[in-house]
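In what follows, a structure is listed as structure tokens, so that the remarks can point back to it.
Quick caveat, the model's predicted, so the values are computed rather than measured.
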Amino acid sequence: MNDDRRRRLLALADRLGTPCFVYFLDEARARIAAVRQAFGGAFAITYAIKANPAPALLRGLRDAVDGMDVSSGGELARALAAGCPAAAIHFTGPGKRTAELAAAVAAGVGAVVLESREEAAVLADLARAAGVRQRVLVRIAPDRVPAGFGDTMSGKPVAFGIDEEDVPAFLADLRRRPELALAGFHAYSGTQCLKPDAIAANWAIFARVFAAAADAAGTSPEQLVLGAGLGLAYHDDQRPLDLAEVARHAAPVLADLRARFPRAQLALETGRYLVGDAGAYLLRVLRTKDSRGVRIGICDGGFHHHLAAAGMFGMVLKRNFRLANVSVADGPAAGTFQLSGPLCTSLDVLGRAVPLPRLQQGDVIAIAASGAYGPTASPTGFLSHPPAGEWLVDGDQIVDARA
């Protein structure tokens, strides 16, 4: 961590108190611009707000993205409250409640992403009752996912979307529902990938299933949504994803899609990649102790705020996030340390064998890549500890991100 960043995080910790999350709006917006530039503007960009639904952040990103992807009625309400036009919202998720679908129809969302026949039947009834024709996208679950993704949602029995082999029958059934207007197709089958060739190979699979679905539907889609799968380098031994390499590998796929579907809007759905590196989790060492040869820093924050950093959010093997002691300048490691939280469980460990130049009471620890899947993906009510603060840093202005 460079010294300017270290000093800035330390000053924020002293000013705002710990534990807290800080989200740097300029960095998130810069990441969005970098994605646009890398692909030459080929994609509209939709932000999957499940990654971080903090209201102030959503307002700050509203004009930087082309739309938002929501996965619940609560996220729909947040997107609308942030000023995102209803027509720019996609509603995904395999378990949408009837009341949530009704709210989407009433709001006039740009598309409901269909993931089962039963859902299509319920949505058709709601649209008929409302006297509208609801635009839909059909989510397709391909029969395979290339190696290299941290989590996969295809190529096996999944709750997400329509299995590739079942798409023709599903589309035939959809044609018998005039209340639903097929606008295009959606695929999101893998997340957290750092291999450019694997990402491009996955998009090639999407292109294949989109072409087959369009043939089965007998229509030219208005929109094709590709789940990005762009990953973050959470750990010290990982290299950040090279967007230029992703674009190079994906160029033939995108060219083929544009040639086959010249009128279709290509949309890239991503969340973690846009905001993850723009956030940090700041916590303070309450006290230290030695236990069986290990120096432990007991901190005021833990997995109740940041489950992912404790290795319990989709991580098969627990590995440390990138951590730094921002109370002291970077230098040679004085040793390796364990960083534990305040909870009465042995699970509350945020770092093991962490090399640091120092660890003492009062030091501020920063956990990088914490802008996505923080508080809302964590058991914040566990043991009734207070919630972590969440702050949006916009230049010299700092506001409560939850407001």
Side-chain angles (χ1 to χ4, degrees), residues 1-10 12-13 18-19 21-24 27-28 31 34 51 148-151 191-196 198-199 229-243 245-246 272-285 288 294-297 299 301-303 305-341 347-360 363-374 377-378:
M1 179 181 295
N2 68 56
D3 207 46
D4 287 343
R5 180 73 160 191
R6 179 190 68 80
R7 285 196 296 265
R8 189 179 191 192
L9 290 174
L10 180 60
L12 286 169
T18 58
F21 289 84
V22 289
Y23 312 127
F24 296 98
E27 295 179 12
R31 177 61 61 85
F149 287 84
D151 186 25
T191 68
Q192 187 46 26
C193 185
L194 292 170
K195 298 180 177 180
I199 293 168
L230 307 176
L232 295 184
Y234 282 113
H235 315 295
D236 285 331
D237 61 348
Q238 292 179 322
R239 294 179 60 186
L241 182 66
D242 188 332
L243 272 183
E245 277 296 289
V246 177
R272 180 203 317 258
Y273 188 73
L274 301 184
V275 299
D277 279 335
Y281 179 49
L282 304 176
L283 53 161
R284 194 176 294 272
V285 179
T288 63
V294 176
R295 171 59 62 93
I296 300 174
C299 304
F303 84 71
H305 299 153
H306 203 340
L307 195 71
M312 290 182 281
F313 190 74
M315 196 183 297
V316 177
L317 299 175
K318 292 187 178 182
R319 303 168 66 193
N320 298 334
F321 273 37
R322 290 180 280 120
L323 298 116
N325 183 341
V326 297
S327 293
V328 59
D330 283 344
T336 60
F337 306 91
Q338 177 173 312
L339 296 172
S340 294
L347 297 173
D348 194 17
V349 178
L350 295 172
R352 298 181 188 275
V354 181
L356 295 173
R358 186 184 83 187
L359 186 71
Q360 65 185 37
D363 282 351
V364 173
I365 304 299
I367 302 182
S370 294
Y373 299 113
S378 304

Worksheet entry | Partners passing side-chain contact (heavy atoms from CB on, under 4.5 Å) against Cys193 (at least two apart in sequence or in another chain) |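 If we apply the side-chain contact (heavy atoms from CB on, under 4.5 Å) test to Cys193, skipping adjacent residues, the hits are Phe149, Lys195, Ala198, Ile199.
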Taking every non-hydrogen atom, the tightest pair across [X] and [Y]:
X: Leu350; Y: Gly301; result: CD1-O, 3.6 Å
X: Ala28; Y: Ala278; result: N-CB, 3.7 Å
X: Leu347; Y: Lys318; result: CD2-NZ, 4.2 Å
X: Gly297; Y: Val285; result: CA-CG1, 4.2 Å
X: Pro19; Y: His305; result: CG-CE1, 3.4 Å
X: Ala310; Y: Phe303; result: CB-CB, 3.5 Å

Discussion item. Donor-acceptor check, side chain of Arg31 to backbone of Tyr273, threshold 3.5 angstrom: yes or no?
Written reply: yes
Worksheet item: Counting N and O atoms only, with roles assigned by atom type, does the side chain of Ser378 sit under 3.5 Å from a partner on the main chain of Leu307, one being a donor and the other an acceptor?
Response: yes
Considering only heavy atoms from C-beta outward, does the side chain of [X] approach that of [Y] to under 4.5 Å?
X: Ile365; Y: Thr18; answer: no
X: Leu339; Y: Asn320; answer: no
X: Ile296; Y: Phe337; answer: no

The criterion is salt bridge (charged side-chain N to carboxylate O under 4.0 Å, His left out); which residues satisfy it with [X], sequence neighbours excluded?
X: Asp237; value: Arg319
X: Arg8; value: none
X: Arg7; value: Asp3, Asp4

Practice prompt. Mind checking ring pair (Phe, Tyr, Trp, His ring centres under 6.0 Å) for Phe21 and listing every partner two or more places apart, or none if nothing turns up?
Written response: Tyr281, His306
Can you sort out the partners of [X] under side chain to side chain donor-acceptor pair (under 3.5 Å), two or more places apart, ordered by chain and number?
X: Thr191; answer: none
X: Glu27; answer: Arg5
X: Tyr23; answer: Glu390
X: Gln338; answer: Ser340

Worksheet item: Can you tell me how far CZ of Arg295 sits from CG of Leu356, rounded to the nearest 0.5 angstrom?
Response: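 Going from the CG atom of Leu356 to the CZ atom of Arg295 covers 12.0 Å.
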Identify all side-chain donor-acceptor contacts of residues 321-336 below 3.5 Å with residues at least two apart in sequence or on another chain.
residue, atom, partner, partner atom, Å
Arg322, NE, Ala233, O, 2.9
Arg322, NH2, Ala233, O, 3.1
Arg322, NH2, Asp277, OD1, 3.4
Asn325, OD1, Ser327, N, 3.0
Asn325, ND2, Arg358, O, 2.8
Asn325, ND2, Asp363, OD2, 2.8
Ser327, OG, Val364, N, 2.8
Asp330, OD2, Met1, N, 3.3

